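See structure below.
Remember, predicted model here, so these are calculated numbers, not experimental data. FYI, side chains are in, hydrogens and waters are out, and symmetry mates aren't considered; it's all heavy atoms of this structure.
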Amino acid sequence: MNTHDPQEPSGGPATGWWTEAVIYQIYPRSFADSDGDGIGDLPGITARLGHLADLGVDAVWLSPFYPSPQADAGYDVADYRDVEPLFGTLADADRLIADAHARGMRVIVDLVPNHTSSAHAWFRAALAAAPGSPERQRYVFRDGLGPDGAQPPNDWQSTFGGPAWTRVDDGQWYLHLFDTAQPDLNWDNPEVRAEFLDVLRFWLDRGVDGFRVDVAHGLVKQADLANWQEPQEILSSGQEVDKPRPPMWDQEGVHDIYRDWRRLLDGYDGERILVAEAWVEPAERLARYVRPDEMHQAFNFEYLLAAWTAPAQYAVITRSLEATDAVGAPTTWVLSNHDVVRHASRLGLPVGTPRPNGIGVDDPQPDAALGLRRARAATLLMLALPGSAYLYQGEELGLPEHTSLPDEVRQDPTWERSGHTERGRDGCRVPIPWEADAPSYGFGPTDASWLPQPPLWAEYALDRQRDVPGSTYELYRTALRLRREHGLGRGTLRWLASGDEVLHFGNGPLGVLTNFGTASVPLPDGVEPLHASGPLDGGLVPTDVTVWYRA
């Protein structure tokens, strides 16, 4: 058990498989469908694990597969100890874990502790009970304001749009920082804390290797539930270290919860890990989540959101490494996930474009060729950095955002709750293509697909890219092999040059150069190119290309 003072930095860097792992995110409903109902499932994932072993990843992270009404694609959990029938059974989960382990891959599952589904037995009991009852104390219920209590308890807004409070029949209000179907739990209640320790044990005993913790910065709210006049962005603050934190995000009490969880995980063998989805800035504050007795990793969203310029990339990489080095933790790197526009499209927008929340057919469209070119360069840059890297399913195929989804098929609650002003996240969640000429592009045995796949999916299918020199799939597969062979994940970054147009660093025996400028630049004299995100022009590196070379 780690007894290190959580306020002090570690005496040395952390060690373990997770410090240099490449972890692949699977969005279960969109990965592989085994039964033809148009929704991916656990048996489908198990059948495709060979692809991930061939790709060379170290672990998989599964987005939620628990029983759920699917109001928010499974992030509204009705039962934390079972599997949603759409996705399979507990036996299917056990087989998936065992098969992944047999192939040398670890399994991380999603945990959603900020809120439950409104269909959860606890919330149903809370609605049936009286104000002030033990059942209601599991959630955040409050009386309303005004003489008849008809006004919400405060002015908080839902991250998905609209008020963060809903009134129930007896006049009280409950808090939901996301959808109305996702009531927030009361983490000041010891019963809630005990329940989630037991949930952790349930899945640890079944062999999972860790937990990605959803909204890890949101569990504890400021005690007085004070009004918040500033925009309620899920990212808790800007670069200003002294900027006030919103009362619903990044409160000090979350750290005590994660110390309890870490003690539990440390009692299991096999180096089980906790990964924070904590939308927290600046980097120094995010690093507090990965102190030696708390989480093992935290997603680096500042890196994901950084502009595609050499100065912006240099600044975020430097700041990230310094912050995590101070607490002895590894830095994580990520470019895409199930909540953001895929980076093959995001990077095809003009530099400086605000991060879009989904792209529709009538929105400004990304430059597809430019986006893929930059995405390949960004990926090769990311995979050369020391630390752990996360990949999102389909990015190894170069998949773009589906920007022509008909609005009537959108399922993300953001679309409705924002009054149809935010497109939402459906465009990055479309089922992925495996076989160009198969029904649903090989996603399942029929043409069924819970979100429509665009016709251009055929050109991105795995069977069109496997063993094809220069394909995005082969770019990834070669990069992961070289990353492992040269120990880049456990290496140390050495800046060789940085400026307005070029990012140039060393890691282990390799040099890495990315050209952000408008003209080709030369490689250092006498070096041997080892891997590149695009064709080289003799000894020159063209615009938006990353090269690995032997130093």
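Within the 3.5 Å criterion, the main-chain N or O of Ser320 finds a donor-acceptor partner in the side chain of Thr324. Ser471 places a side-chain N or O within 3.5 Å of a backbone atom of Glu474 that can act as its donor or acceptor partner. Looking only at distances, no side-chain donor or acceptor of His296 sits under 3.5 Å from a matching main-chain atom of Ile273. Side chain of Asn186 to backbone of Gln137: a donor-acceptor contact under 3.5 angstrom is found.
Within the 4.5 Å cutoff, side-chain heavy atoms of Thr180 are placed close to those of Arg417. Side chains of Phe301 and Asn337 form a contact here, defined as non-hydrogen atoms less than 4.5 Å apart. Put simply, the side chain of Asp110 reaches to within 4.5 Å of the side chain of Tyr75, judged on heavy atoms.
A side-chain N or O of Tyr268 and one of Asp205 form a donor-acceptor pair less than 3.5 Å apart.
Of the residues Leu86, Asp94, Leu96, Ile97, the one that meets the side-chain contact (heavy atoms from CB on, under 4.5 Å) test with Leu42 is Leu96. The side-chain contact (heavy atoms from CB on, under 4.5 Å) with Trp61 is formed by just one residue from the set Arg106, Gln393, Gln25; it is Gln25.
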Does the ring pair (Phe, Tyr, Trp, His ring centres under 6.0 Å) test come out yes or no for Phe123 and Tyr174, once each step is laid out?
CA-CA 10 Å; Phe123 194 70; Tyr174 71 88; 5.0 Å; yes
| query | ring pair (Phe, Tyr, Trp, His ring centres under 6.0 Å) between Trp187 and Phe196: does it pass, once the steps are laid out? | reply | CA-CA 10 Å; Trp187 276 88; Phe196 274 85; 5.2 Å; yes
